[in-house]
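First comes the structure, then the notes that go with it.
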2 protein chains.
Amino acid sequence: MAETASRPERPESRYGNRPTMKDVAARAGVGLKTVSRVVNGEPGVTPDTERRVQEAIDALGFRRNDSARVLRKGRTASIGLVLEDLADPFYGPLSRAVEEVARAHGALLINGSSAEDPDREQELVLALCARRVDGLVVIPAGDDHRYLEPEIAAGVATVFVDRPAGKIDADVVLSDSFGGARDGVAHLIAHGHRRIGFIGDQPRIHTAIERLRGYRAAMEDAGIVVEEEWMSLGATDPDRVEQATRTMLSAPDPVTAIFAGNNRVTVTVVRVLAGLPRPVAFVGFDDIELADLLQPGVTVVAQDAAQLGRTAAERLFRQLDGASDAPERIELPTRLIKRGSGELPPAG
Amino acid sequence: MAETASRPERPESRYGNRPTMKDVAARAGVGLKTVSRVVNGEPGVTPDTERRVQEAIDALGFRRNDSARVLRKGRTASIGLVLEDLADPFYGPLSRAVEEVARAHGALLINGSSAEDPDREQELVLALCARRVDGLVVIPAGDDHRYLEPEIAAGVATVFVDRPAGKIDADVVLSDSFGGARDGVAHLIAHGHRRIGFIGDQPRIHTAIERLRGYRAAMEDAGIVVEEEWMSLGATDPDRVEQATRTMLSAPDPVTAIFAGNNRVTVTVVRVLAGLPRPVAFVGFDDIELADLLQPGVTVVAQDAAQLGRTAAERLFRQLDGASDAPERIELPTRLIKRGSGELPPAG
DNA sequence: TAGAACCTGGACAACGTTGTCAGATGCAAG
DNA sequence: CTTGCATCTGACAACGTTGTCCAGGTTCTA
């Protein structure tokens, strides 16, 4: 009985049996490397040969397998972006800005949402590293990034955005949360308020801490002693934000103005305030769409999400181009946009 | 002179010389395949050996190179999403929904913005195919997708979203643009309007055509003859939309209500109307944030972007799991949300 | 105690590409 | 016709991983 030749493995779905350079070479009657040269536009191929190869490529519908290319070359021409939630209107423009810079450098963008979960952040980042992305832009959820040390040592360019890295030294691009919050609260104080509420994110988040710090600084500058009941931290879901807002406003000695720590809180507070009989002064951190059309317009401390992303991505590619500057902390200014709600005098 | 041994090429940056399984194997004193088994949790390794390997992995900071793995296995566990603009609030939730489904299937998401440019769409899609993504979710910018035929034939799962594919047969998930627009316009008619303006996107975009068709259908159903001046198509940038709006409202015999064809147009029109002395009835396609807080609230025909994304991604993974249903067209219903602006009577 | 059955571990090839290098070809000059 | 040179072309190895398959060892049974 004839022996069957040992047939090497054949995984079920091998890209559906796509043509390879070898196939193209065979069809065009040339060598493998010549096909490679044509595909990559390298010099040293006669026009006639090139034409033959090109015909074979078109006939077979060949498309270079970048996985193999990556393996050989060691660069993937892709970068990873880990953020909190792509559905949050703050991150859309940021992501798009990163993408544009990547595109200008011929790189693709892989992104993932951490859902503000440190474990998920790490899982995502490491998955991206396993893909050998050339670089990472990370909006951190966790506060310990030592797990990234071997990756960075291995040459993965890394830039943090919106919040600094935890326990490692790395580039970071952020908005001036402290200054922005201080200015916003000072603005309320300048309009006569003394009892001002602060509703912010969980205090493990850097921006939340900084904004709270800005709030406290502004109050202290004005010689106001802050009372505990004026501050709500960590209430992120709409229900709890609403509750916190109502509590502050219905206290025996209620606040006369509220400062909100981020865009989601802002939306919820604005919604609650809209349902009240009398207007309450308000300033929010982060601009929101249509804020100018409400009655009164919503005064905000705006940050430029796109600029954050752009700056970070540019810094990333500078790293990839070989610049070896020391890690830097870049802080972008915020901008107070007065629209009415922040200029209301204290009620009563 | 001693001959230098032929030194094989060494690309400048070889992942910064990361450890490989070979290195781990050497350090642990085991064979290459044994390391592979440990890394992939395959059976057939004694606990003692496994421990030794694990130690070596930790000591060296080894991380499997997924590029090589992909090359060997033929599946990348990543899918591509091509949309128009990640910064558009409509696409954020859609993208996030696709990501979640991908995550549930252990896949990463690579996404790119076409900026509504057919060439750029094709460029992106083909780049993703070169990466050998397992599947593609495409919000098409162009109207000819025959360039995808070889890819689909080669096994790349493909689902189109929001707009159907051009000149090829493929799965598509969309909102009922026609029905939604018809309902929205009929709603205005029901409130007494006869002269109704339509401001929509460029007529090469499928949704724009469908919504215009819905507008015409509703008008025809009511026996209203539409005049050319009531329709504006292709004015997408705020300036031109504003111009179109003002023109319709200042005509000798002006429209008494306006229907907007997408979220960006809606925002602009709402802004223009807010600046007018008297309210003008309005219904927009796509919900927008804070629409409920404006005076009057903005009546919209809402579509569920997240549901679109989820449905498409699920369909994609069904394809990848081997289902070979015929290409299908899934249409999701829209929902009319009455908030006040659409219930205004005709002025005068 | 021998043999069978089972288990663990490792050598090897292959995935599709690109860098190196040497061979082949063509042309001009001697 | 030979030599030299420049230009094209292709054979080959290597990138890091995983599938196959066999060798060697252990345990259990007869």
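Labels below follow one simple rule: chain letters A, B, ... track the order of the sequence lines, proteins then strands, and each chain is numbered from 1.
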Using a strict cut-off of less than 4.0 Å between a Lys/Arg side-chain nitrogen and an Asp/Glu carboxylate oxygen, indicate whether [X] and [Y] qualify as a salt bridge.
{"X": "A:R96", "Y": "B:D85", "result": "yes"}
{"X": "A:R51", "Y": "A:D48", "result": "yes"}
{"X": "B:R103", "Y": "A:E123", "result": "yes"}

Output the rounded distance in Å from [atom1] ([X]) to [atom2] ([N]).
{"X": "B:L32", "N": "D:dA14", "atom1": "CG", "atom2": "P", "value": "15 Å"}
{"X": "A:D66", "N": "D:dC15", "atom1": "CG", "atom2": "C1'", "value": "15 Å"}
{"X": "A:R72", "N": "C:dT17", "atom1": "CZ", "atom2": "P", "value": "13 Å"}
{"X": "A:R132", "N": "D:dG16", "atom1": "CZ", "atom2": "C1'", "value": "9 Å"}
{"X": "B:N65", "N": "C:dC15", "atom1": "CG", "atom2": "P", "value": "18 Å"}
{"X": "B:M21", "N": "D:dA14", "atom1": "CE", "atom2": "C1'", "value": "18 Å"}
{"X": "A:L60", "N": "C:dG16", "atom1": "CG", "atom2": "C1'", "value": "15 Å"}
{"X": "B:D23", "N": "D:dC15", "atom1": "CG", "atom2": "C1'", "value": "13 Å"}

Short side-chain N/O contact to D:dC15 OP1/OP2 from B:K22, under 4.0 Å
no

Should A:R64 be listed as having a side-chain N or O under 4.0 Å from OP1 or OP2 of C:dT18?
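It does, given that an N or O in the side chain of A:R64 lies less than 4.0 Å from OP1 or OP2 of C:dT18.
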
Sugar-phosphate, base or nothing in reach of B:S36, heavy atoms under 4.0 Å:
base

Any donor-acceptor pair under 3.5 Å joining the side chain of [X] to the base of [N]?
{"X": "A:R69", "N": "C:dT17", "answer": "no"}
{"X": "A:K33", "N": "C:dG19", "answer": "yes"}
{"X": "B:R37", "N": "D:dG19", "answer": "no"}

Is a side-chain donor or acceptor of B:R131 paired with a backbone partner of A:D66 at a separation under 3.5 angstrom?
no

Closest contact, heavy atoms only, [X] versus [Y]:
{"X": "B:T46", "Y": "B:T49", "answer": "OG1-OG1, 2.7 Å"}
{"X": "A:R132", "Y": "B:R63", "answer": "NH2-O, 2.8 Å"}
{"X": "A:S113", "Y": "A:L124", "answer": "O-CD1, 3.4 Å"}

Below 30° counts as parallel, above 60° as perpendicular, anything between as tilted: where do the rings of A:H145 and A:F160 land?
perpendicular

Inter-end axis angle, the helix from C:dT1-D:dA30 to C:dG30-D:dC1, with every axis fitted to five base pairs (rounded, 10 degrees)
60°

List in numerical order all residues of residues 39-58 of chain B for which some heavy atom is under 4.0 Å away from an atom belonging to DNA chain C.
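Only B:G44, B:V45, B:T46, B:T49 qualify.
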
With respect to the side chain of A:T34, which nucleotide from D:dT17, D:dT9, C:dT18 is positioned closest?
D:dT9

Test side chain to side chain contact (heavy atoms under 4.5 Å, CB included) applied to B:V159 and B:I79, B:V172, B:V173, the passing residue:
B:V173

Would you check if there is a donor-acceptor pair between the side chains of A:D134 and A:T76 at a distance under 3.5 Å?
yes

